[in-house]
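What follows is one structure encoded as structure tokens, with my remarks underneath.
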Amino acid sequence: MAEASREQWRSHGGFLLAALGSAVGLGNVWRFSYVAGEHGGGAFLLVYLLVVLLVGVPLLLGEFALGRRMQSESATAVARLLPSSRWRHAGLIGVIAAGLILAYYAVIAGWVLRYAALYLTGQSQPLATAGFAQSFASHVAHPSQPLLWQLLGLALTALIIARGVERGIERASIALMPLLALLLLGLAAHSATLPGFGQGLRFLLQPDWTALSQPRVYLAALGQAFFSIGLAMGVMVTFGSYQPAHRPLPGAALTIALGDTLFALTAGLVIFPAVFSFGRDPAQGPGLAFVVLPELFAQMPAGALLGAAFFLLLSIAALTSMVSLLEVVVAYALQRWGWSRPQAAWRLAGLLFALGVPASLGMGPWGEVSLWGGRGILDAMDFIAVDLLLPANGILLAVLLGWVWPRHEALQAADLHGRPLGAIWHGCLRYLVPVLVLAVLAGSGTRH
Ligand code: TRP
């Protein structure tokens with residue numbers, strides 16, 4: 001690693017947008033909407049907002065601070081904090097989580113790519129004719145078609161990583177992300193005119209207090225926060241390492257976490273009014289956005305065009321997230337096995353494709369397979385990575401940042417030295433995050 005000449009963000013805005021670009025992906029549209037729909041809407045959102053503020057922001061700031069202070073990516077940064085300990089292998093949890101997530105993320109990205117292709121080639125009409133739910137169901141259940149789209153997504157990702165052009169792709173996507181935000185805002189404005197707007201709004205914003213007595217709501221919110229912000233995989237450590245010393249980090253962490261949340265919230269404001277206007281079930285699971293959005297486009301003026309723009313932009317958002325995720329696994333392989341970059345990219349993408357095949361088949365031919373409390377294959381992979389591995393790694397990260405890193409160094413690195421907020425931040429990492437995350441994991445474990 002050429003540390004003396006480490007590349008730095010040219011502007012604060014560049015840093016914010018790049019980190020936000022990594023955070024914004026399918027998690028904000030696809031995952032947020034279906035998980036919120038499954039867990040009671042408003043109750044979920046309330047817990048989610050609390051988790052983002054109390055767990056997400058402190059950990060995000062911690063990752064940034066660690067990366068900038070150590071001027072290195074995650075594994076090296078962690079190793080420097082733990083000069084002679086076996087604990088440094090704990091970073092492997094994040095690598096495994098990233099690989100597992102990418103394996104099924106590619107399946108969902110494949111669905112997005114396929115919808116983008118349909119709209120771009122003017123073939124969205126049959127979705128309406130055959131029925132939106134039916135079209136989606138028959139696409140994902142097809143034994144080979146979704147595999148091709150999944151393969152295409154992973155191949156593009158591997159190509160970008162193999163060529164080492166991810167910074168370039170990132171810069172390009174930065175320009176497109178505000179477009180996606182604008183489009184979502186426009187769609188939300190349209191959703192506000194739908195007959196089911198009031199009902200959708202109440203569902204998303206008005207907590208059903210009885211839902212809060214279910215432990216799984218807390219675990220779902222916690223996992224979603226880690227996933228959506230992109231925490232506990234070391235990615236944000238790397239972002240922090242490019243950030244020049246004179247730019248304060250706390251505001252950046254808050255802006256990124258809130259920006260990511262606003263993205264998800266806006267997607268929710270698009271989707272839930274539509275769900276109720278069309279008489280759909282908000283708790284229908286991972287297909288929610290893919291069933292409801294095409295129906296929304298079908299009854300909008302210029303809907304085919306908007307649908308094309310939307311799925312194209314979402315494809316790009318998904319691709320940039322996939323690039324970041326593959327980079328985590330590739331970086332590990334480069335360091336560990338000394339493969340060349342292209343070798344690592346193609347081999348690992350191949351491996352992760354193979355790992356994702358059962359997830360895709362589980363939506364159709366292998367639909368009967370039920371793992372771990374009645375979960376389908378994709379659902380089970382998602383559960384292990386997002387609801388177990390990421391929170392577990394979050395605890396390790398909080399302990400590392402809050403206990404192993406000397407307090408004054410951590411505070412200085414986070415630009416919070418001698419500030420009242422510093423005590424709160426450090427207290428969160430030291431006590432609140434480990435205890436809260438452990439309690440949520442344990443609480444949901446006892447009742448499954
Ligand atoms: N945050 C991304 C999304 O919402 C997914 C993701 C999780 C991710 N962890 C990541 C992306 C790490 C990049 C890096 O879709």
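Here the structure is a predicted model, which means the values were calculated and not measured. Numbering of ligands and ligand atoms starts at 1, following listing order. Computed from heavy atoms alone, side chains included, the values below leave out hydrogens, waters and symmetry copies.
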Does the pair E63/R68 count as a salt bridge with the N-to-O cut at 4.0 Å?
no

Closest to atom 12 (C) of ligand 1 (heavy atoms only, candidates V235, N28, V323, D260) is V235

Between G230, A23, A98, which one has a non-hydrogen atom sitting closest to atom 2 (C) of ligand 1?
A23

At a 4.0 Å threshold, what atoms of ligand 1 neighbour a non-hydrogen atom of S324?
13 (C), 14 (C)

Heavy-atom contact check, 4.0 Å cutoff: does I101 meet ligand 1?
no

In terms of atom number and element, which parts of ligand 1 are under 4.0 angstrom from non-hydrogen atoms of L26?
15 (O)

Salt-bridge present (D415, R247; N to O < 4.0 Å):
no

Could you check whether any heavy atom of Y105 sits closer than 4.0 Å to an atom of ligand 1, since that is the contact criterion I want to use?
yes

Return the residue, atom name and 0.1 Å-rounded distance of the protein heavy atom closest to atom 9 (N) of ligand 1.
M233 CE, 2.9 Å

Residues in side-chain hydrogen bond (donor to acceptor under 3.5 Å, both in side chains) contact with Q150, at least two apart in sequence or another chain
none

Quick one, L20 and L16 - any side-chain contact, counting heavy atoms below 4.5 Å?
no

F272 vs F203 aromatic rings, parallel, tilted or perpendicular, using cut-offs 30° and 60°?
tilted

Please indicate whether any nitrogen or oxygen in G27 is less than 3.5 Å from any nitrogen or oxygen in ligand 1.
yes

Sub-4.0 Å atoms of ligand 1 with respect to non-hydrogen atoms of S321
2 (C), 11 (C), 13 (C), 15 (O)

Atoms of ligand 1 less than 4.0 Å from S228 heavy atoms?
1 (N), 4 (O)

Return the residue, atom name and 0.1 Å-rounded distance of the protein heavy atom closest to atom 11 (C) of ligand 1.
S22 O, 3.3 Å

I want to know whether Y34 and W30 have ring centres closer than 6.0 Å.
yes

For atom 6 (C) of ligand 1, which of F263, F227, F239 has the closest heavy atom?
F227

Check step by step if side-chain contact (heavy atoms from CB on, under 4.5 Å) holds for Y48 and L222.
CA-CA 7 Å; Y48 182 72; L222 193 68; over 6 Å; no

Do the two ring centres, one from Y242 and one from F15, sit under 6.0 Å apart?
no

Run the ring-centre check on F64 versus F239 and record whether the distance is less than 6.0 Å.
no

Closest protein heavy atom to atom 10 (C) of ligand 1, given as residue, atom name and distance to 0.1 Å
L325 CD2, 3.6 Å

